[in-house]
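What you are looking at is a predicted structure, and each value in this text was computed from that prediction instead of being measured. FYI, side chains are in, hydrogens and waters are out, and symmetry mates aren't considered; it's all heavy atoms of this structure.
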Amino acid sequence: MRLYFVGGFLGSGKTTAIAGACRLLIARGARVGVVTNDQGKLQVDSLFMRASGFPAVEVGGGCFCCRYDDFDERVASLVETEKPDAVFAESVGSCADIVATVVKPFETLRSAYGAGSVFTVMADSRLLLARLSGRTLPFSEDVLYLFDRQLEEADLLVLNKRDLLGGSDLAALERAAAETWPAKPRLALAGSTEEGAAAWLGAIEGWKADGDRRLIDIDYRRYGSGERELSWLDERVELEDASGLASDGGRCHRAALAFAQSLARGLSGRELAVGHVKLQISAPGVEYKVSLTAGDYLQADSGRQAIGRRIEEQLPVFHARRVQIAVNARVQCSPEELAALSEEAARAATAATGLVLRVSDRSAFRPGMPTPTHSMR
């Protein structure tokens, strides 16, 4: 069995690339497993993986490093129940220092199937180009410090979502990345495509470790500060059409669309720094994931119409009497402001359609300071 660690900032495309790699492996007859990770307990990523048909377990309530024993148990459970040929472990998008606190301990303590693991860090090409070119980004200096440290510790750096950059911008990004990390293996690809997933999978399957990994220098005070400046919101929203009409008229779809677009407009209108907003939208026979990232807002220059179209592209029309929306939002603001924006979005969804609305499992919080279980330096 091979275990592939995957890290990178919020919204860098980790989950989508992993799903693409899993599909390719399954098509070959291989068995796979996925371990997702989040600061909260309601995880859109694990819901998405299971809806896609992949065996997935999750570590919640903290990063892999701080919940290492949980991580170890989840991997062991996958190995026992699924007998996978490959397991992908996706860390929280606000987590750093993964090599010292997760990868090396796992390779040491689980040498039977941890040896030779490769650690991929993915970056949204749009966000990375802005950072390397000195463009002002909406995040605080401590959040950007976290972003930079994640990139430094990669075995393999993936410049993801290359399809969202023009030719000249992509060339500029590749030049800047080569100047910044001349010795670091890099791939520029679109992980959302079969071709991109295949390129990444080929790279990690053929990975040959070249000596000891470089452990990064990291200031845990700044790292923890960056994590705490990002607020988390998790909740479930259920919308039900109780009209009794013979046809639902697509009202649940319109309500889900109104919720997502209202939340996006609220974030844009307040000029908040968005890490990632993820919605898993579920109804009988329907599973859609809607995702908005820092790169989307950056590329659209906070244009509401562009963001609205991005949501529409990800949420085709469906018909149902009831729809459930699992919400994960990670934004640089207070937890109270983030929860209030979601409440506004819920009101917009019901006002637009008159559906019955219920909210459950809401949790709005700031992550705690990182306290790794192990550190091997």
Side-chain angles (χ1 to χ4, degrees), residues 6-14 38-39 63 65 91-101 119-154 157-161 164-165 169 172-181 184 186 188 214-233 267-268 270-278 291-302 328-335 337-338 366-370 372:
V6 187
F9 194 63
L10 299 158
S12 57
K14 303 183 292 294
D38 208 287
Q39 297 282 3
C63 300
C65 61
S91 65
V92 179
S94 63
C95 193
D97 203 25
I98 297 291
V99 171
T101 63
F119 180 39
T120 299
V121 172
M122 297 197 175
D124 184 324
S125 289
R126 299 165 297 179
L127 201 60
L128 184 57
L129 176 60
R131 181 61 173 160
L132 295 181
S133 62
R135 181 174 171 183
T136 299
L137 293 172
F139 297 103
S140 72
E141 285 302 314
D142 283 346
V143 173
L144 292 173
Y145 174 81
L146 168 61
F147 178 80
D148 293 342
R149 296 284 75 73
Q150 289 175 331
L151 300 168
E152 288 292 338
E153 68 174 337
L157 177 59
V158 170
L159 315 180
N160 200 12
K161 306 185 183 183
L164 301 180
L165 285 181
D169 282 342
L173 172 60
E174 292 179 330
R175 285 194 303 270
E179 291 171 1
T180 306
W181 303 287
K184 189 182 294 293
R186 298 177 305 279
R214 178 180 178 274
L215 299 176
I216 60 170
D217 295 323
I218 187 163
D219 180 342
Y220 264 73
R221 181 193 61 79
R222 293 197 66 187
Y223 168 20
S225 173
E227 279 210 297
R228 286 192 56 78
E229 289 183 30
L230 294 164
S231 287
W232 256 233
L233 172 70
L267 294 166
S268 176
R270 289 165 177 78
E271 298 184 347
L272 298 176
V274 174
H276 203 174
V277 176
K278 297 177 282 189
S291 175
L292 291 174
T293 70
D296 294 326
Y297 278 90
L298 186 70
Q299 190 170 47
D301 290 324
S302 299
N328 289 167
R330 289 72 178 100
V331 181
Q332 187 177 303
C333 65
S334 72
E337 185 173 12
L338 192 49
R366 294 185 188 276
M369 287 292 291

Quiz item: Of all heavy-atom pairs between Pro370 and Gly224, which one has the smallest distance, and what is that distance?
Solution: CD-CA, 3.6 Å
Quiz item: Which distance, rounded to the nearest 0.5 Å, do you find between the CG of Leu10 and the CG of Leu230?
Solution: 6.5 Å
Quiz item: Got Leu137 and Phe147 here, is their nearest side-chain heavy-atom distance under 4.5 Å?
Solution: no
Quiz item: Got a donor-acceptor contact below 3.5 angstrom from the Glu153 side chain to the Ile98 backbone?
Solution: yes
Quiz item: Out of Val331, Leu338, Val277, Asn328, which residue meets the side-chain contact (heavy atoms from CB on, under 4.5 Å) rule with Leu233?
Solution: Leu338
Exercise. Working to the nearest 0.5 Å, report the span between CG of Leu292 and CG of Leu267.
Key: 8.0 Å
Quiz item: Would you say Leu298 and Asp124 make side-chain contact, with heavy atoms under 4.5 Å?
Solution: no
Quiz item: Would you call Arg126 and Asp296 a side-chain contact if the rule is heavy atoms closer than 4.5 Å?
Solution: yes
Quiz item: Would a 4.5 Å heavy-atom cut-off, applied to side chains only, mark Cys63 and Val92 as touching?
Solution: yes
Using distance only, find each side-chain donor-acceptor pair of residues 173-180 under 3.5 Å and give its atom names and separation, not counting sequence neighbours.
| from | atom 1 | to | atom 2 | distance (Å) |
| --- | --- | --- | --- | --- |
| Thr180 | OG1 | Ala176 | O | 2.8 |

Quiz prompt | Any Lys14 side-chain heavy atom under 4.5 Å of Val6 side chain | solution = yes
Quiz prompt | Euclidean distance, Gln299 CD relative to Leu127 CG, rounded to 0.5 Å | solution = 11.5 Å
Exercise. Identify the residue among Asp217, Asp142, Asp97 that makes a salt bridge (Lys or Arg N to Asp or Glu O under 4.0 Å) with Arg222.
Key: Asp142
Quiz item: Distance from Leu132 atom CG to Leu151 atom CG, nearest 0.5 Å?
Solution: 7.5 Å
Exercise. Check Met122 against Gly13 and note the closest heavy-atom contact, atom names and distance.
Key: SD-O, 4.0 Å
Quiz item: Side chains of Leu146 and Gln150: does their closest heavy-atom pair fall under 4.5 Å?
Solution: yes
Exercise. Determine the minimum heavy-atom distance between Cys65 and Thr101, stating which atoms define it.
Key: CB-OG1, 3.1 Å
Self-check item: Contact check, side chains of Arg366 and Ser334, non-hydrogen atoms, under 4.5 Å
Solution: yes
Quiz prompt | Shortest non-hydrogen contact between Leu144 and Phe139, atoms and distance | solution = CD1-O, 3.8 Å
Quiz item: Okay, side chain of Tyr145, backbone of Asp219: is any donor-acceptor separation there less than 3.5 Å?
Solution: yes
Quiz item: Can you tell me how far the CD1 atom of Ile216 sits from the OH atom of Tyr223, to the nearest 0.5 Å?
Solution: 8.5 Å
Exercise. Compare every heavy atom of Leu165 with every heavy atom of Ser125, then report the nearest pair and how far apart it is.
Key: CB-CD1, 3.6 Å
Self-check item: Main-chain N/O of Arg330 paired to Lys278 side chain as donor or acceptor, under 3.5 Å
Solution: no
Exercise. Go through the structure and list residues passing side chain to side chain donor-acceptor pair (under 3.5 Å) with Glu227, not counting sequence neighbours.
Key: Gln39, Ser94
Self-check item: Residues forming a side chain to side chain donor-acceptor pair (under 3.5 Å) with Ser140, sequence neighbours excluded
Solution: Glu229
Self-check item: Contact check, side chains of Phe9 and Val143, non-hydrogen atoms, under 4.5 Å
Solution: yes
